[in-house]
Amino acid sequence: MANLDVARRLSLELSDCIPESIVEMNSLSSEAMSIIFCLAKTFEKCNPNELVNFLRGGVFGSLFYQPSTRTRLNFESAAQRLGLSVIGFSDPQTTRAGDFYQESLEDVVRFTSELCDIMAIRHFENGAAKVAAQNSIVPIINAGDGYNQHPTQALGDIFTMIKCLDTLGDKTIGMIGDLNVRSLKSITIGLSQLGVHKLLFKVPDKEKVPAPLLDILDTVGTKYSFVDSINELLFESDLVETIGINHPDHNKKFNKFEAGAHSNDKQWIITRKDLDELQDNAPYILHPAPRTNEITTCCDSHPKAKYFEQARNGMWIRMALISGLMARKWL
Ligand code: CP
């Protein structure tokens with residue numbers, strides 16, 4: 001069967017096992033995730049000239065209430081590769097939500113959903129994506145809401161992990177950073193649902209690890225433990241995802257950079273020397289967010305540094321989600 005026909009069949013199959021909007025990882029079964037990964041792989045193999053007719057005529061709404069490099073551009077690239085046109089905003093100050101009117105999230109979403117066939121939303125409030133889904137007449141994809149979740153980042157990263165490691169059931173994944181951050185939280189939930197062998201965490205404060213997240217791991221029966229040293233984590237893991245400890249307040253609309261805001265504490269930094277010392281046993285390295293200094297740039301040429309390839313994988317995943325969510329009406 002031609003790749004586009006396979007993509008059409010998988011999109012319809014996916015539409016039967018996902019909710020109308022993608023708000024949290026918890027709403028995706030392992031079966032749905034497997035189809036998303038298959039569909040992403042299929043889109044990767046498609047001829048771009050043919051793919052651009054796949055959902056031609058559709059309109060993708062991109063509502064970004066917070067700054068973004070990778071997520072917004074990733075969604076826009078994904079939508080355009082499928083033939084959709086893109087409308088939206090990357091700065092809410094240019095809309096009526098940012099001026100005199102203080103237009104509500106509910107109204108912006110309801111209004112914009114009249115103009116689009118699918119929308120992605122990034123917002124600084126926990127739970128904003130759910131509110132958007134409740135007020136939209138078209139499917140919503142959560143592009144990160146406060147400290148809640150970031151499902152498309154998680155799916156793209158797990159897709160990258162599977163490409164690197166083939167399977168997860170016998171692998172140890174190391175995670176560095178605050179597990180309250182939406183991307184790490186969503187990745188952890190996804191890995192647990194997919195039956196990862198073990199998770200190793202190096203966190204800034206064990207007392208602040210979200211209890212509901214550990215409840216999910218305990219309920220599923222995922223093995224996990226905490227380590228103090230980055231070298232122990234690198235040695236024990238097949239793949240390490242780090243977000244470091246330099247990140248903004250996800251509940252703020254905008255975080256200005258101020259001198260001294262980036263910690264240089266060595267215990268959080270992965271260096272080329274760390275990877276070279278492990279030779280062939282060095283883990284793959286991923287990063288779900290903008291880098292400050294938690295991975296030195298000398299690591300970029302290491303064969304197991306995959307944090308730039310991650311971006312392209314995220315695009316195939318977003319194409320799969322857009323297609324699955326639109327399939328019911330469009331395919
Ligand atoms: N991962 C992520 O959300 O990055 P951006 O803020 O650049 O979109």
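Read the numbers this way: they start at 1 and go in the same order the structure lists the ligands and their atoms. Counting from 1, the numbers follow the sequence of the chain as shown. Just so we're clear, the structure is a prediction, and the values are computed from it rather than from any experiment.
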Near Gln153 (heavy-atom distance under 4.0 Å), the atoms of ligand 1 are 1 (N), 2 (C)

Of Arg70, Arg72, His150, Gln310, the one whose closest heavy atom lies nearest atom 5 (P) of ligand 1 is Arg70

Could you give the distance from CG (Leu10) to CG (Asp5), rounded to the nearest 0.5 Å?
-> 11.0 Å

Looking only at heavy atoms of Gly144, does any of them come nearer than 4.0 Å to an atom of ligand 1?
-> no

So, is Arg182 polar-close to ligand 1, with some N/O to N/O distance under 3.5 Å?
-> no

Can you name the ring-ring contact (aromatic ring centres under 6.0 Å, His included) partners of Phe64, sequence neighbours left out?
-> none

Any heavy atom of Ala143 under 4.0 Å from ligand 1? The part involved is neither

Shortest protein heavy-atom distance from atom 2 (C) of ligand 1, along with the residue and atom involved = Thr71 OG1, 3.4 Å

Would you call the rings of Phe89 and Tyr65 parallel, tilted or perpendicular if under 30° counts as parallel and over 60° as perpendicular?
-> perpendicular

How far is atom 1 (N) of ligand 1 from its nearest protein heavy atom, and which residue and atom is that?
-> Pro288 O, 2.5 Å

Do any nitrogen or oxygen atoms of Pro290 lie less than 3.5 angstrom from nitrogen or oxygen atoms of ligand 1?
-> no

Can a salt bridge be assigned to the pair Arg96 and Asp99 using a cut-off of 4.0 Å between side-chain N and carboxylate O?
-> yes

protein heavy-atom neighbour closest to atom 6 (O) of ligand 1 works out as Arg122 NH1, 2.9 Å

Do Ser68 and Gln66 get their side chains close enough for a donor-acceptor pair, meaning under 3.5 Å?
-> no

Measure the distances from the heavy atoms of Gln66 to every atom of ligand 1 and state whether one is below 4.0 angstrom.
-> no

Residue pair Glu309 / Asn313, side-chain donor-acceptor N/O under 3.5 Å | no

Quiz item: cation-pi between Lys202 and Trp268, 6.0 Å / 45° | yes

